[in-house]
2 protein chains.
Amino acid sequence: MDGEVPDFVGTVLTGTVSLTKIMPDGRIQMVAMLRPGNFLGHPYRAKSSYNAVASTSVVMCGFRRKPFERLLRKIPELGQGLLEQSSNELDAARDWMLLLGRKTAREKVASFLIIFAREKVTQDPSLMKKQIYLDLPYTRAEIGDFLGLSLETVSRQFSAFKDDSVVDPDGKRGVTVVDYPALLAETGNDADGGWLA
Amino acid sequence: MDGEVPDFVGTVLTGTVSLTKIMPDGRIQMVAMLRPGNFLGHPYRAKSSYNAVASTSVVMCGFRRKPFERLLRKIPELGQGLLEQSSNELDAARDWMLLLGRKTAREKVASFLIIFAREKVTQDPSLMKKQIYLDLPYTRAEIGDFLGLSLETVSRQFSAFKDDSVVDPDGKRGVTVVDYPALLAETGNDADGGWLA
DNA sequence: CGGTATGTTGACGAAGGTCAAGTAGGGTGG
DNA sequence: CCACCCTACTTGACCTTCGTCAACATACCG
């Protein structure tokens with residue numbers, strides 16, 4: 001599924017939606033990864049030139065823009081929630097900017113994997129010392145678009161981490177994180193870290 | 001001036017404030033450029049690990065966080081303005097991500113210059129066909145932090161644009177844009193473009 | 001069972017980073 | 001007013017990282 005963001009807004013219920021930017025010559029950069037609970041679209045802003053791509057099958061709760069803005073005016077508490085979410089996304093975008101501008105390919109791929117691994121570790125901290133199986137919602141090419149890398153470089157970094165027994169790729173989209181602390185150390189971040197490892 | 005963002009929020013009145021992220025080994029990425037009218041700090045979010053740097057002398061209108069949040073609850077319209085601003089910054093951040101992830105050094109520098117040149121052109125469209133003098137608020141090193149480049153690469157791109165008679169550096173922070181349309185064409189964007197050229 | 005998507009690996013080259021030397025302004029103290 | 005110094009900027013030589021192109025492997029789907 002692929003197309004212009006239409007004149008509606010909504011929240012993601014299940015699945016993963018990606019927003020991408022594309023240059024006239026076809027270069028692509030992913031600029032947002034929306035997971036369940038995240039909000040898609042800007043109230044009060046008609047045009048934003050993104051493409052929305054559903055990476056897995058997605059269920060959304062959508063509203064057309066105009067009625068939603070009326071609702072928003074009636075229930076100001078709603079706006080506060082949106083402001084918080086927007087601030088969160090802004091923070092995430094800025095971690096991502098550090099990644100894009102300054103991290104090496106190896107650090108980028110490690111950071112990418114940590115996003116998904118950390119999600120599981122947060123649910124069950126004991127996983128930190130075990131193997132963590134991940135089902136990535138992206139192909140190598142999409143991971144490249146996420147990280148600002150070519151798909152070949154992404155593939156090579158996966159292989160390198162496999163050689164170092166940090167990670168073990170399994171089929172197309174599966175990976176098991178063999179050594180979570182080691183992977184975390186490869187991200188180039190200090191311990192606390194933001195959204196992006 | 002340099003330091004942690006303290007427990008306050010506020011709007012920039014004059015000057016330019018930059019937010020940067022720094023990695024343990026010292027690599028730096030600028031993640032926001034706040035100009036007059038922009039808001040600094042997230043209501044409802046205590047910690048964000050940025051450094052705020054005033055690139056020029058700055059006047060701000062600041063509030064401590066707690067009283068401001070009370071104010072915000074009393075006047076919901078205020079929140080709407082903040083949401084709009086936050087959405088705008090998010091859009092800007094995403095244009096910036098495309099730049100960081102996918103543009104060449106030459107395109108990055110062109111895009112950087114266009115941000116400032118466009119500001120002037122918007123005020124006076126006739127400038128588009130004239131020479132535009134800019135007083136950049138940044139050193140080469142800071143431009144590098146903005147664009148995810150080394151300062152040497154920034155310098156080389158300035159020289160290259162000078163050789164091509166697109167731009168004419170003047171002293172430390174001065175530049176005159178000799179050929180605005182040519183510079184625009186170097187950004188790699190299609191005509192409309194977002195915040196970042 | 002064959003075909004298309006995706007992933008891996010190798011060889012090579014180009015873009016940009018690093019290191020190093022030298023230059024140019026701008027401000028300060030003599 | 002001039003000499004000096006400190007900071008920013010420029011330029012060159014070299015090297016690393018990553019992108020590109022290409023061949024091949026694997027997996028998924030009809």
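Chain naming here is simple, since letters A, B, ... match the order of the sequence lines and numbering starts at 1 in each.
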- Query: For Tyr50(A) and Asp91(B), does a side-chain donor sit closer than 3.5 Å to a side-chain acceptor?
  - Reply: yes
- Task: Looking only at side-chain atoms of Lys172(A), point me to the closest of dT7(D), dT20(D), dA5(C).
- Result: dA5(C)
- Of the nucleotides dT10(D), dC18(D), dT9(C), which one has an atom closest to the side chain of Ser159(B)? dT10(D)
- Query: Expressed in angstrom and rounded to an integer, what is the separation of Arg27(B) atom CZ from dT18(C) atom P?
  - Reply: 9 Å
- The Watson-Crick or G-U wobble partner of dT20(D), with both key distances under 3.5 Å, is dA11(C)
- Taking for each residue the nucleotide of DNA chain D bearing the nearest heavy atom, is the 5' side occupied by Gly171(A) or by Ala105(A)? Ala105(A)
- Query: Parallel, tilted or perpendicular: which fits the ring planes of Phe146(A) and Phe112(A), with parallel below 30° and perpendicular above 60°?
  - Reply: perpendicular
- Item | Nearest-angstrom distance from the residue atom CZ of Arg156(B) to P of dA13(D) | 11 Å
- Message: In this structure, how many angstroms lie between the C1' atom of dT17(D) and the CG atom of Leu147(A), rounded?
- Response: 16 Å
- Message: Taking Arg140(A) first and then Glu152(A), would you say they form a salt bridge - that is, a charged N and a carboxylate O separated by under 4.0 Å?
- Response: no
- Message: What is the separation between atom CD1 on Ile143(A) and atom C1' on dT8(C), rounded to the nearest whole Å?
- Response: 14 Å
- Message: Check this for me: does the side-chain of Arg140(B) come within 3.5 Å of the base of dT11(D) through a donor and an acceptor?
- Response: no
- Message: Heavy atoms from C-beta onward define the side chain here; which of dG17(C), dG19(D), dT8(C) lies closest to that of Thr153(B)?
- Response: dG17(C)
- Can you tell me the distance, in whole Å, between the CG atom of Leu151(A) and the C1' atom of dT6(C)? 9 Å
- Would you tell me whether Thr16(A) and Tyr138(A) have side-chain atoms, one donor and one acceptor, within less than 3.5 Å of each other? no
- Polar pair under 3.5 Å, donor/acceptor by atom type, side chain Glu152(B), base dC19(C): yes
- Task: Check every strand shown and say whether Ser150(B) touches a base, only sugar-phosphate, or nothing at a heavy-atom separation below 4.0 Å.
- Result: base
- Item | Minimum-distance nucleotide (side-chain atoms of Leu149(A) versus dC18(D), dG16(C), dT11(D)) | dC18(D)
- Pull up the glycosidic torsion of dA25(D) and say syn or anti, syn being anything within 90° of 0. anti
- Task: Report which part of the nucleic acid Gly148(B) touches: base, sugar-phosphate, or nothing (heavy-atom distance under 4.0 Å, all strands).
- Result: sugar-phosphate
- Message: Tell me the interatomic distance from Arg102(A), atom CZ, to dG17(C), atom C1', rounded to whole angstroms.
- Response: 10 Å
- When you check the gap from the basic side-chain N to the acidic O, do Glu89(B) and Arg94(B) get nearer than 4.0 Å? no
- Base paired to dT26(D) (Watson-Crick or G-U; both N/O distances under 3.5 angstrom): none
- Query: Looking for any heavy atom pair under 4.0 Å, which part of the strands does Gly144(B) touch: base, sugar-phosphate only, or nothing?
  - Reply: nothing
- Between Glu69(B) and Arg64(B), is there a salt bridge with N-O shorter than 4.0 Å? no
- Query: How close or far is atom C1' of dT10(D) from atom CZ of Phe161(B), stated in whole angstroms?
  - Reply: 17 Å
- Could you state the atom-to-atom distance from CZ of Phe158(A) to C1' of dT6(C) in whole Å? 13 Å
